[in-house]
J.: 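Following this message is one structure expressed as C-alpha coordinates.
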Amino acid sequence: MSDPRASVIQMIQQGWNRGDTTVFTDSIADAVTFHYAGTPRAVTQEQMSAIVLQWRAAFPDLNMSIDEIIAEGDIIAARLTMSGTHQGEWTGTAPTGRSFTMALTMFFRFEHGKMVELWESDDQLGFREQLGISPFESHDS
(Lines give C-alpha, C1' and ligand atoms only; values in the text may rest on other atoms or scores of the structure.)
Protein backbone atom coordinates (compact mmCIF):
# COMPACT_ATOMS: atom_id res chain seq x y z
CA MET A 1 0.00 0.00 0.00
CA SER A 2 1.55 3.30 -1.04
CA ASP A 3 -0.63 5.81 0.87
CA PRO A 4 0.90 6.13 4.38
CA ARG A 5 -2.33 7.44 5.96
CA ALA A 6 -4.35 4.54 4.52
CA SER A 7 -1.63 2.10 5.68
CA VAL A 8 -1.85 3.36 9.27
CA ILE A 9 -5.65 3.08 9.27
CA GLN A 10 -5.45 -0.43 7.85
CA MET A 11 -2.78 -1.52 10.38
CA ILE A 12 -4.98 -0.32 13.23
CA GLN A 13 -8.28 -1.67 11.93
CA GLN A 14 -7.07 -4.95 10.47
CA GLY A 15 -3.97 -5.66 12.57
CA TRP A 16 -4.78 -4.35 16.04
CA ASN A 17 -8.60 -4.53 16.06
CA ARG A 18 -9.07 -7.82 14.18
CA GLY A 19 -5.75 -9.54 14.87
CA ASP A 20 -5.05 -10.06 11.17
CA THR A 21 -1.32 -9.44 11.20
CA THR A 22 -0.87 -10.19 7.49
CA VAL A 23 -1.40 -6.44 7.03
CA PHE A 24 2.12 -5.82 8.34
CA THR A 25 3.69 -7.65 5.38
CA ASP A 26 2.56 -4.93 2.98
CA SER A 27 2.64 -2.01 5.43
CA ILE A 28 5.94 -2.15 7.29
CA ALA A 29 9.58 -2.56 6.30
CA ASP A 30 11.51 -5.70 7.22
CA ALA A 31 12.67 -3.90 10.37
CA VAL A 32 11.12 -0.82 11.96
CA THR A 33 12.92 1.47 14.40
CA PHE A 34 10.56 1.51 17.40
CA HIS A 35 10.90 4.38 19.89
CA TYR A 36 9.20 3.53 23.17
CA ALA A 37 10.23 4.09 26.78
CA GLY A 38 13.93 4.34 26.26
CA THR A 39 16.42 3.30 23.64
CA PRO A 40 15.05 2.79 20.12
CA ARG A 41 15.08 -0.83 18.99
CA ALA A 42 14.65 -2.64 15.70
CA VAL A 43 11.38 -4.56 15.41
CA THR A 44 10.79 -7.00 12.55
CA GLN A 45 7.45 -7.69 10.88
CA GLU A 46 7.28 -10.96 12.83
CA GLN A 47 7.97 -9.21 16.12
CA MET A 48 5.33 -6.55 15.37
CA SER A 49 2.84 -9.34 14.69
CA ALA A 50 3.82 -11.07 17.94
CA ILE A 51 3.29 -7.84 19.91
CA VAL A 52 -0.21 -7.44 18.48
CA LEU A 53 -1.07 -11.11 19.09
CA GLN A 54 0.23 -10.88 22.68
CA TRP A 55 -2.06 -7.91 23.34
CA ARG A 56 -5.03 -9.66 21.70
CA ALA A 57 -4.44 -12.87 23.70
CA ALA A 58 -4.53 -10.91 26.96
CA PHE A 59 -7.34 -8.57 25.85
CA PRO A 60 -9.51 -10.47 23.31
CA ASP A 61 -11.93 -7.54 22.98
CA LEU A 62 -9.08 -5.11 22.31
CA ASN A 63 -10.13 -2.07 20.32
CA MET A 64 -8.03 0.83 19.13
CA SER A 65 -10.01 3.79 17.87
CA ILE A 66 -8.56 6.63 15.84
CA ASP A 67 -9.48 9.90 17.52
CA GLU A 68 -7.45 12.04 15.14
CA ILE A 69 -5.03 11.38 12.31
CA ILE A 70 -2.85 13.92 10.52
CA ALA A 71 -0.71 13.23 7.47
CA GLU A 72 2.19 15.38 6.33
CA GLY A 73 4.08 13.68 3.52
CA ASP A 74 5.56 10.44 4.81
CA ILE A 75 4.84 11.28 8.48
CA ILE A 76 1.53 10.27 10.04
CA ALA A 77 0.49 11.41 13.52
CA ALA A 78 -2.34 9.61 15.28
CA ARG A 79 -4.12 10.23 18.55
CA LEU A 80 -5.71 6.94 19.59
CA THR A 81 -7.77 5.37 22.35
CA MET A 82 -7.18 1.71 23.20
CA SER A 83 -9.57 -0.28 25.36
CA GLY A 84 -10.10 -3.88 26.38
CA THR A 85 -10.79 -6.37 29.15
CA HIS A 86 -7.95 -8.30 30.81
CA GLN A 87 -8.98 -11.92 30.12
CA GLY A 88 -5.63 -13.60 29.46
CA GLU A 89 -2.14 -13.49 30.96
CA TRP A 90 -0.42 -10.16 30.39
CA THR A 91 3.37 -10.08 30.78
CA GLY A 92 3.28 -12.49 33.68
CA THR A 93 0.12 -11.12 35.33
CA ALA A 94 -2.90 -13.40 35.62
CA PRO A 95 -6.18 -12.07 34.16
CA THR A 96 -7.89 -9.56 36.43
CA GLY A 97 -11.18 -9.34 34.51
CA ARG A 98 -10.85 -5.56 34.65
CA SER A 99 -11.30 -3.22 31.71
CA PHE A 100 -9.06 -0.35 30.70
CA THR A 101 -9.12 2.68 28.45
CA MET A 102 -5.78 4.23 27.51
CA ALA A 103 -4.82 7.21 25.37
CA LEU A 104 -1.92 6.78 22.94
CA THR A 105 -0.06 9.03 20.58
CA MET A 106 1.82 7.50 17.68
CA PHE A 107 3.99 8.97 14.95
CA PHE A 108 4.76 6.81 11.92
CA ARG A 109 7.45 7.52 9.31
CA PHE A 110 7.26 5.88 5.91
CA GLU A 111 9.80 5.35 3.13
CA HIS A 112 8.82 3.94 -0.25
CA GLY A 113 5.31 3.19 1.02
CA LYS A 114 6.38 1.18 4.09
CA MET A 115 6.60 2.15 7.75
CA VAL A 116 10.25 2.40 8.82
CA GLU A 117 9.98 4.22 12.13
CA LEU A 118 7.41 4.40 14.95
CA TRP A 119 7.24 6.60 18.05
CA GLU A 120 4.69 5.70 20.73
CA SER A 121 3.67 7.45 23.92
CA ASP A 122 0.96 6.09 26.20
CA ASP A 123 -0.31 6.13 29.76
CA GLN A 124 1.21 2.96 31.24
CA LEU A 125 0.62 4.16 34.81
CA GLY A 126 -3.11 4.70 34.22
CA PHE A 127 -3.30 1.41 32.29
CA ARG A 128 -1.75 -0.54 35.19
CA GLU A 129 -3.89 1.24 37.79
CA GLN A 130 -7.08 0.36 35.92
CA LEU A 131 -6.05 -3.31 35.83
CA GLY A 132 -4.90 -3.34 39.44
CA ILE A 133 -1.29 -4.07 38.44
CA SER A 134 1.37 -2.38 40.53
CA PRO A 135 3.34 0.17 38.51
CA PHE A 136 6.44 -1.05 40.35
CA GLU A 137 6.23 -4.66 39.16
CA SER A 138 8.78 -5.48 36.51
CA HIS A 139 6.88 -6.94 33.58
CA ASP A 140 7.72 -6.73 29.89
CA SER A 141 5.26 -4.63 27.87
Side-chain angles (χ1 to χ4, degrees), residues 1-135 137-141:
M1 182 172 286
S2 61
D3 176 13
R5 184 179 187 280
S7 289
V8 168
I9 292 169
Q10 188 174 18
M11 284 189 286
I12 291 167
Q13 292 175 345
Q14 183 178 331
W16 282 94
N17 291 345
R18 292 196 292 268
D20 180 359
T21 59
T22 60
V23 68
F24 298 129
T25 303
D26 293 330
S27 300
I28 72 171
D30 292 336
V32 172
T33 302
F34 184 40
H35 303 265
Y36 181 81
T39 306
R41 62 184 169 121
V43 176
T44 65
Q45 291 175 359
E46 293 80 18
Q47 290 169 320
M48 184 69 72
S49 294
I51 290 167
V52 169
L53 295 175
Q54 177 187 24
W55 273 91
R56 293 206 53 81
F59 307 94
D61 61 345
L62 185 78
N63 184 66
M64 190 180 295
S65 63
I66 300 171
D67 302 317
E68 187 171 17
I69 189 165
I70 299 169
E72 180 69 33
D74 287 338
I75 303 287
I76 309 299
R79 190 172 49 81
L80 310 159
T81 301
M82 179 187 277
S83 60
T85 307
H86 188 199
Q87 298 176 12
E89 182 179 310
W90 173 246
T91 62
T93 301
T96 62
R98 294 182 179 186
S99 296
F100 78 95
T101 300
M102 176 172 58
L104 300 96
T105 303
M106 292 182 164
F107 283 80
F108 306 81
R109 187 174 68 81
F110 285 74
E111 286 182 1
H112 309 292
K114 293 203 176 209
M115 181 176 68
V116 295
E117 207 160 4
L118 171 63
W119 292 262
E120 180 182 337
S121 178
D122 60 35
D123 180 13
Q124 278 293 309
L125 181 59
F127 166 74
R128 289 173 175 275
E129 286 176 348
Q130 290 174 70
L131 297 181
I133 300 171
S134 168
E137 291 179 34
S138 178
H139 296 292
D140 297 328
S141 55

J.: So which atom in P40 and which in T33 form the shortest heavy-atom distance, rounded to 0.1 Å?
T.: CB-CG2, 3.8 Å

J.: Within this structure, what is the CG-CD distance for the pair L125 and Q130, rounded to the nearest 0.5 Å?
T.: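 Those atoms lie 10.0 Å apart.
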
J.: Determine the interplanar angle of the F127 and W90 rings, folded into 0 to 90°, and report it as parallel if under 30°, tilted if 30 to 60°, perpendicular if over 60°.
T.: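 Rings of F127 and W90: perpendicular, as their planes differ by over 60°.
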
J.: Using the rule given for side chain to side chain contact (heavy atoms under 4.5 Å, CB included), can you reason through F100 versus L62, listing the C-alpha separation, both sets of side-chain angles and the distance that settles it, and then say yes or no?
T.: CA-CA 10 Å; F100 78 95; L62 185 78; 4.1 Å; yes

J.: Any chance you could measure I12, atom CD1, to L104, atom CG, to the nearest 0.5 Å?
T.: 9.0 Å

J.: Any non-hydrogen side-chain atom of V23 less than 4.5 Å from a side-chain atom of R18?
T.: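 A side-chain contact is absent here, since even the closest heavy-atom pair is not under 4.5 Å.
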
J.: Please give me the minimum heavy-atom distance between D123 and M102, naming the atom from each residue.
T.: O-SD, 3.5 Å

J.: With a cut-off of 3.5 Å and sequence neighbours excluded, list every side-chain donor-acceptor pair involving residues 72-82.
T.:
from, atom 1, to, atom 2, distance (Å)
R79, NE, E68, OE1, 3.3
R79, NH2, E68, OE1, 3.4
T81, OG1, D67, OD2, 2.5

J.: To the nearest 0.5 Å, what is the distance between NE2 on H35 and OG on S121?
T.: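 Taking NE2 in H35 and OG in S121, the distance rounds to 13.0 Å.
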
J.: Working note: V8 + M106, criterion side chain to side chain contact (heavy atoms under 4.5 Å, CB included); need CA distance, chi angles, decisive distance, verdict.
T.: CA-CA 10 Å; V8 168; M106 292 182 164; over 6 Å; no

J.: Counting only heavy atoms not in F34, do more than 12 fall under 6.0 Å of its CZ?
T.: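 Yes - once you tally the heavy atoms of other residues, nucleotides and ligands closer than 6.0 Å, there are more than 12.
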
J.: Can you check whether G84's main-chain N or O pairs, donor with acceptor, with D61's side chain at less than 3.5 Å?
T.: no

J.: Any pair with a residue in residues 66-89 that passes ring pair (Phe, Tyr, Trp, His ring centres under 6.0 Å), sequence neighbours left out, goes on the list, sorted by first then second residue, please.
T.: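 The answer is F59-H86.
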
J.: Let me confirm one number: the CE-CZ distance from M11 to F24, rounded to the nearest 0.5 Å.
T.: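 Rounded to the nearest 0.5 Å, the CE-CZ separation comes out at 7.0 Å.
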
J.: Determine the minimum heavy-atom distance between F110 and S27, stating which atoms define it.
T.: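 Shortest heavy-atom separation between F110 and S27 comes out as CE2-O, 3.9 Å.
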
J.: How far apart are the C-alpha atoms of W119 and R109, what are their side-chain angles, what is the distance that settles it, and do they pass the side chain to side chain contact (heavy atoms under 4.5 Å, CB included) test?
T.: CA-CA 9 Å; W119 292 262; R109 187 174 68 81; 4.0 Å; yes

J.: List the atom of R56, the atom of G19, and the distance in Å for their closest heavy-atom pair.
T.: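 Reported closest heavy-atom pair: CD-CA, 3.4 Å.
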
J.: Taking all non-hydrogen atoms of both residues into account, name the closest pair between V32 and M115 and its distance.
T.: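 Where V32 meets M115 most closely, the heavy atoms are CG2-O, 3.5 Å.
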
J.: Any idea which heavy atoms bring A29 and V116 closest together, and the distance?
T.: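 In terms of heavy atoms, the two residues are closest at CB-CG1, 3.9 Å.
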
J.: Which distance, rounded to the nearest 0.5 Å, do you find between the CD1 of I9 and the CD1 of I66?
T.: 5.0 Å

J.: Find the distance between CD (Q54) and CD (Q47) and round it off to the nearest 0.5 Å.
T.: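 Reported to 0.5 Å precision, the distance equals 12.0 Å.
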
J.: Step by step, work out the side chain to side chain contact (heavy atoms under 4.5 Å, CB included) result for D122 and Y36.
T.: CA-CA 9 Å; D122 60 35; Y36 181 81; 2.9 Å; yes

